[in-house]
Amino acid sequence: MNLSVQLAPGNTKGLLLDNPVMTASGTFGYGIEYQELFDIQRLGAIICKGTTLEPKEGNPQPRIAETASGILNSIGLQNIGVDALIAEKAPIWAGWRVPVLVNIAGEKIDDYARLAERLNGVAGISGLEVNISCPNISAGGAEFGANPDTAATVTAAVKKATSLPVLVKLTPNTGDIAAVAVAVAEAGADAISLINTLKGIAIDVKTRRPILGNVYGGLSGPAIKPVALHMVYQVAGAVSVPVIGCGGISTAEDALEFIMAGASAIQVGTANLTSPRAALDVLEGIEQFMRDEGVGDITELVGVARA
Ligand SMILES: Cc1cc2nc3c(=O)[nH]c(=O)nc-3n(C[C@H](O)[C@H](O)[C@H](O)COP(=O)(O)O)c2cc1C
């Protein structure tokens, strides 16, 4: 049975995973914390917490609010910064079999280019995932990823600064996600991951105030799965680079839906917060499905639900 997937066929280094199950940024720390709990080396890839040029303390508490079938989070990219990541985390990853990708975030286009440059050639880092869901200060606070032009500009700047495989992660908070996907693919993205969280608010009726310290947050978990699946379906039909599906995946069946919609790989996010070995359970469930259904190669399932 072959579960391996090539996520950067157009890149000289390539990004060959043993299987299509990845952990989503911000829900699996730096991977290191999970080593005690299960054999993380069996995963397809790990994507670390969003990383910025300088360390960030994140948003005021509370930062998590539970919702029906999901959570709202407003972590605000709390992270150790790129220098500490290179000094403390990458040397550990360099000894691992499982590839680690660094999720990068910035407030200006130049921040992304500088991050990509700093991480290029660092042992232990197999690729970048560009989080374009951050506010685009120079264009008045919208997200870079909300607009095809700004999304393409960030992608091109990152590609110019690195030879690592580059995944660009799209936000659902936009009018036409397929147009953004086409723009970033044309700008050189090796693969596209989607979706990030959907904007939302929760209010405590007793205090009559928003629950999150930051007022709004990002919705994730099973509640967003049908929306994410639709967007993956749309994007997979619009681009020829590999698509990585994410949003509400907590079982193998969820993951298989994304693969059948056209995703070459998937990411498990919020499910890690309730069950740390959720991603491994998803992988074992996919393997079981393939055995039961007589599927010899995972790529046979990619996009089969598309007429
Ligand atoms: C607590 C938390 C922190 C997150 N941090 C990041 C981040 O740093 N960078 C990023 O691109 N996405 C981040 N995300 C978004 C997830 O990677 C994922 O795209 C989203 O949660 C949808 O998948 P899910 O429903 O499986 O969680 C975060 C999500 C959660 C719940």
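Positions are given from 1, in the same order as the sequence printed here. Counting starts at 1 for both ligands and their atoms, following the listed order. Owing to the predicted nature of the structure, the values given are computational and were not obtained by experimental measurement.
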Undergrad: With salt bridge (charged side-chain N to carboxylate O under 4.0 Å, His left out) as the test, would you mind laying out the steps for Arg42 and Asp18 before giving the verdict?
TA: CA-CA 8 Å; Arg42 287 179 58 197; Asp18 281 351; over 6 Å; no
Undergrad: How long is the span from the CD1 atom in Ile266 to the OG atom in Ser193, to the nearest 0.5 Å?
TA: 12.0 Å
Undergrad: Taking atom CD as the centre, does Gln61 end up with more than 12 heavy-atom neighbours from other residues, nucleotides or ligands that are less than 6.0 angstrom away?
TA: yes
Undergrad: Before you tell me yes or no, could you show the steps for Leu15 and Leu167 under side chain to side chain contact (heavy atoms under 4.5 Å, CB included), namely the whole-Å CA-CA distance, both residues' side-chain angles and the distance that decides it to 0.1 Å?
TA: CA-CA 10 Å; Leu15 184 60; Leu167 277 48; 4.0 Å; yes
Undergrad: Please examine the side chains of Ile195 and Ile177, heavy atoms only from C-beta on, and report whether any two atoms are closer than 4.5 Å.
TA: yes
Undergrad: Quick one: nearest non-hydrogen protein atom to atom 11 (O) of ligand 1, plus distance?
TA: Asn103 ND2, 2.9 Å
Undergrad: I need the nearest protein heavy-atom contact for atom 8 (O) of ligand 1: residue, atom name and distance, please.
TA: Lys49 NZ, 2.9 Å
Undergrad: Would Ile71 count as a polar contact of ligand 1, with the cut-off being nitrogen or oxygen pairs under 3.5 Å?
TA: no
Undergrad: Under a single-linkage definition using a 4.5 Å side-chain heavy-atom cutoff for Ile, Leu, Val, Met, Phe, Trp and Tyr, are Ile286 and Ile40 assigned to the same hydrophobic cluster?
TA: yes
Undergrad: Can you sort out which atoms of ligand 1 are near Thr197, meaning under 4.0 Å from one of its heavy atoms?
TA: 20 (C), 21 (O)
Undergrad: Which residue supplies the protein heavy atom nearest to atom 24 (P) of ligand 1, what is that atom called, and how far is it?
TA: Gly248 N, 3.4 Å
Undergrad: May I ask you to identify the nearest protein heavy atom to atom 30 (C) of ligand 1, giving residue, atom name and distance to one decimal place in Å?
TA: Asn73 ND2, 3.3 Å
Undergrad: Kindly assign one of parallel, tilted or perpendicular to the pair Tyr112 and Phe144, based on the angle between their ring planes and the thresholds 30° and 60°.
TA: perpendicular
Undergrad: Looking only at protein heavy atoms, which one is nearest to atom 3 (C) of ligand 1, and how far off is it?
TA: Gly26 O, 3.4 Å
Undergrad: Mind listing the closest non-hydrogen atom pair of Ala179 and Pro148 along with its distance?
TA: O-CB, 4.0 Å
Undergrad: Any nitrogen or oxygen of Leu273 lying under 3.5 Å from a nitrogen or oxygen in ligand 1? Just yes or no.
TA: no
Undergrad: Enumerate the atoms of ligand 1 whose separation from the nearest heavy atom of Thr270 is less than 4.0 angstrom.
TA: 24 (P), 25 (O), 26 (O), 27 (O), 31 (C)
Undergrad: Give the numbers and elements of all ligand 1 atoms closer than 4.0 Å to a heavy atom of Leu77.
TA: 8 (O)
Undergrad: Check for me whether Ile195 has a heavy atom closer than 4.0 Å to any atom of ligand 1.
TA: yes
Undergrad: Measuring only between side-chain heavy atoms, which start at C-beta, is Lys89 closer than 4.5 Å to Lys49?
TA: no
Undergrad: In the protein, what heavy atom is nearest to atom 23 (O) of ligand 1, and what distance, to one decimal place, separates them?
TA: Cys246 SG, 3.3 Å
Undergrad: Determine the sole option in Val98, Val122, Val102 for which the side chain to side chain contact (heavy atoms under 4.5 Å, CB included) test with Trp93 is passed.
TA: Val102
Undergrad: For atom 15 (C) of ligand 1, what's the nearest protein heavy atom and its distance?
TA: Asn196 OD1, 3.4 Å
Undergrad: What protein heavy atom is closest to atom 12 (N) of ligand 1, reported as residue, atom name and distance in Å?
TA: Lys169 NZ, 3.0 Å
Undergrad: Under a 4.0 angstrom heavy-atom cut-off, which atoms of ligand 1 come close to Ser220?
TA: 21 (O), 25 (O), 27 (O), 31 (C)
Undergrad: With a heavy-atom distance limit of 4.0 Å, tell me whether Ile47 approaches ligand 1 through its side chain, its backbone, both, or neither.
TA: neither
Undergrad: Out of Ser25, Ala278, Ser74, Pro172, who gets a non-hydrogen atom closest to atom 28 (C) of ligand 1?
TA: Ser25
Undergrad: Just which atoms of ligand 1 are under 4.0 Å from any heavy atom in Ala24?
TA: 17 (O)
Undergrad: Can you see which heavy atom on Ala152 is nearest to which on Ala187, and at what distance?
TA: O-CB, 3.5 Å
